[in-house]
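Quick note on labels: first sequence line is chain A, next is B, and so on, each numbered from 1.
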Amino acid sequence: MSDLTKLNPQQRDAVETVRGPVLILAGAGTGKTRVITCRIARLLDRGVAPSHILAVTFTNKAAREMQARVRQIVRRPPATDGAGDGERPTLCTFHSLCVRILRRYADRLGYKSNFVIYDEAEQVSVIKRIVSRISGPEAKVDAVAVLAALSKLRNGGTTLAGGDDTAFVIAEHIRPRYESALHACNAMDFDDLILNVLRLFDEQPDALEACRRRYQYVMVDEYQDTNAAQFRLVHALTRTHRNLCVVGDDDQSIYGWRGAEIANLLDLEQHYPEVKVIKLEQNYRSTATILEAANALIRNNARRRPKQLWSNHGAGTLLSLEAYANEDEEARAVVDALEFDRSIRSVPWSDQAVLFRTNAQSRALETALRQSGVRYHLVGGQSFFDRREIRDFLAYLKMFVNPHDDISLLRIANVPARGLSDTTMERLLAASHERHSSVYAVMRSPDAEVGLTTRAQASLKEFVHWVETTRTSLTADPGLNLRAWAEQFLRECGYLEDVRRSEKDPEAAEGRVRNLLDLAASLEDIKSAAPPAERLERFLEELTLDREREQEEQAGDAVTLITMHSCKGLEFPHVHIVGLEEGLLPHSRSQVEGTLDEERRLFYVAITRAMRTLTLSHCGARRRHGQPMPCHPSRFLKELPAHLVEAGSSRKPVSAENARSIFAGLYASLDALE
DNA sequence: AATTGCTAAGTTTTT
DNA sequence: CTTAGCAATT
């Protein structure tokens, strides 16, 4: 029996209510993950088969954390012969759940079960191609904006307000073409994963029934982040048995711009009138002062489920609010404070975090940190997987899995240059449209009317032959070492050489080659006896669905630099929030889009990351587009009760320089005493 | 085919 | 001040 005595009464109630719909309103730092894991343990104690339990999270990180904690709490059931699938509860993200379902039923939806998943860059490239096809190459269209609009349209959100009208018009117009383009490549994007499961449930009642029978107890974490389609999925699964437990906090809904429907949480009673609502309000993270400030701020939001976080950690210190002349001075002062805390109070770097609204703001901080030699760790930024050589490599892999994936094929067809010029590719593409076939199919049997030069034909023949050979070696040997295979094709096609040649700085070139070989080496991480083609599919799937997999544990003792968005779910003893100015927070764009509430929630999330101390700062001027522009303090600062804030120079951070000289003096006088 | 130079624009981001 | 995308040039 799992131990319930360590839980507070509300937590215990949440854990013990295992049947019927439950909404757990879990404020920041109220032990949400613990409740979910205990609840799973409780279900198992009650004799529910693990296979009947499903807990859906929003991120892979959360899923992994929960898996680890469930493993800790729940001792593995005694090994039963051939228990197979049913040994552990399903703890995963929405998208990986859908992939699991879709791999099984893909044929019923007209896909092959080895479908690939397109990430954002690939979606953008599909859109660019469609747009340039229908409105000529001279049309200047923001493909990223169109993609955002398209995603909103397809997910059926209610957030039609704001955004670019032309993007929506274009998105509506190209939607059918976009969908058939992906389908023709046996590819799905992230939205498709959810939408296709919904279609499956709609068209194939037996599949829906099988899933319902399998997942009899469903939990959803970070429920305020679900979009309309995700809600429909959850509803479809639980409509009949009604064992749905959602955990979330409307005050921490900060992804509305990405289609999250806070209404899913606020209006849950519409679909589950009998829902039991449990509020978790005891915070185990922050001081009372920090919580009081957060509560006062968020009270200014109109539509929310009221709650009052409290803590018995004591008042702690007041928030400190500082004003600086510009961002460089602000960064300098923050770094001084970090150094001061470390040298005087022995605060390790890893207990400190600096939070900001936009990624661009990290620059000034990084400069100051480097000048002082402070170790730091920048979360987010552009990803490893956005680098060109990595994208090319993945396109190669996808192309080998499925050469009829036009997007991947087109990306690498002439990279490195192998005589398939733009005009040649244009002709092949045109022919593929005429024939209603893939580009690769045309490549294999180019008719005379495609109109290729003899030279192009020869290059093409060689390329097709090389692809066929490489694919054959992928299927021939069931025990194939994928790493060796990948290294071989990278060398054979001259890609590595091309990277070395195209980079001026030889060190940078070696770095990129290293990236490639590292990624190739991680092909071996797929531990499975499955045939190599299947192992490769799994590898690609994991990489697309979970881009942070590798770079997770590079911590060490370092200060964390992070955006307010990506800090959700984290906590730090000491938090510094910089750039609290009108135009940044709330962001200037939130005014026109009418999302001031969400900006306030963002600030709320940032504040509630702090365990012991919280430092806020703003500048009188900030460089924007190179030019210094005057700035005004954020309106949200006025919403913090004055008696909780210590403003100005009263607790002026002593510069490290200063501190060192003070201590040098101290030691000198001590020496003198001896 | 590749390199250079110009223009334009510049939240948040996971899956 | 950057960076990305595109055009023009060699």
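With hydrogens and angles ignored, no donor-acceptor pair closer than 3.5 Å exists between the side chain of A:R363 and the base of C:dT2.
Between the NE2 atom of A:H565 and the P atom of B:dT12 there is a distance of 9 Å, rounded to whole Å. As a whole-Å value, the separation of A:D546 CG from B:dT13 P is 17 Å. Straight-line distance from the CG atom of A:D498 to the C1' atom of B:dA2: 12 Å, rounded to whole Å. Whole-Å rounding puts the A:R258 CZ to B:dT11 P distance at 17 Å. Per the geometry, CG belonging to A:D189 stands 16 Å off C1' belonging to B:dT13, to the nearest Å. Here the P atom of nucleotide B:dT13 and the CZ atom of A:F58 are 14 Å apart, to the nearest Å.
Taking every side-chain heavy atom of A:N60 into account, B:dT15 is the closest of B:dT12, B:dT15, B:dA2.
Phosphate contact (OP1/OP2 of B:dT11, side-chain N/O of A:T563, threshold under 4.0 Å): absent. Put simply, A:N359 has a side-chain N or O that comes within less than 4.0 Å of OP1 or OP2 on B:dT13.
Stacking between A:H95 and the base of B:dT15 is absent under the criterion of ring centres within 5.5 Å and planes under 30 degrees.
DNA chain B is contacted by both A:L602 and A:D191; A:L602 maps to the nucleotide lying nearer its 5′ end (nearest heavy atom per residue). Heavy-atom nearest nucleotides on DNA chain B were determined for A:F94 and for A:A360, and the one closer to the 5' end corresponds to A:A360.
For the pair A:R258 and A:Y255, the cation-pi test (distance below 6.0 Å, angle within 45°) is passed. Remark: A:R388 fails to qualify as a cation-pi partner of A:F393 under the 6.0 Å distance and 45° angle criteria applied to the six-membered ring.
A heavy-atom distance below 4.5 Å is not found between the side chains of A:Y118 and A:T544.
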